[in-house]
Amino acid sequence: MLVSVFLALFLPCVGMCAVFLVYICLLWYAAAYQNTGNYQNDPVKPNLELGLSAAQLDKLPKITGKELVMANDCAVCLDEIENEQFARVVPGCNHGFHLECADTWLSKNPVCPICRTKLEPEFFNPPESNPC
C-alpha cells in the first residue's frame, strides 16, 4: 500500500517535470534560433527595391484633378482628388493620385499602389527618335 501511494504521488510529478523540461528546451531552441537570424523560410521578404528619385518623379505626368480619366479617388490617402488639385498619373496603368501622396509612395515603392504595375526605366528614359 505504501508503494501504491508513493507511485500515485511520484509519477504525476515526474510527468509534469518532463513536460516542463521539454517546454523549456523548446523555448531555448526558439530563442537561440531567432537570435542567429538564419531563417530558412522567412515569411517577410525584405524590400530590396528602392523607390524613385526626385528627378524620376519630376518626369512623371502631372495633371489637375479635372483631367483625370479613370477615377477621382486617391488610393493612398483615400480622399477625393478635387478638380483644382494637382494629381500624378502612373504611366502604363494611368492611375491617378494626389501629387504629394504619389510622390511619397513612389519615393519608397516603384510600383502603382493600386495595380502594382512596376515603373520601368523606359518610362524615364524615352527612346531617342531617329530623324529620317
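Quick caveat, the model's predicted, so the values are computed rather than measured. Quick note: residue numbers are just sequence positions, from 1.
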Is Phe20 reachable from Leu27 through a run of hydrophobic residues whose side-chain heavy atoms are each under 4.5 Å from the next? yes

Sequence-distant partners of Phe10, ring-ring contact (aromatic ring centres under 6.0 Å, His included), two or more places apart: Phe6

Any residue meeting side chain to side chain contact (heavy atoms under 4.5 Å, CB included) with Asp79, in chain and number order, not counting sequence neighbours: Cys77, His98

If only atom types and distance count, is the side chain of Trp105 paired as donor or acceptor with the main-chain N or O of Val111 below 3.5 Å? yes

Verify same cluster id: Val90, Ile63 (apolar side-chain graph, 4.5 Å): no

Which value, rounded to the nearest 0.5 Å, describes the distance between Ile81 atom CD1 and Phe86 atom CZ? 13.0 Å

Are any side-chain N or O atoms of Arg88 and backbone N or O atoms of Asp103, one a donor and one an acceptor, separated by less than 3.5 Å? no

Could you tell me the separation between the CD atom of Gln85 and the CD atom of Glu80, rounded to the nearest 0.5 Å? 9.0 Å

Starting from Leu57, can I reach Val76 by hopping between I/L/V/M/F/W/Y residues whose side chains sit under 4.5 Å apart? yes

State the OG1-CG distance between Thr64 and Asn83, to the nearest 0.5 angstrom. 7.5 Å

How long is the straight-line distance from CG of Asn109 back to NZ of Lys118, given to the nearest 0.5 Å? 10.5 Å

Taking side chain to side chain contact (heavy atoms under 4.5 Å, CB included) as the test, write out the residues that go with Asp58, two or more places apart. none

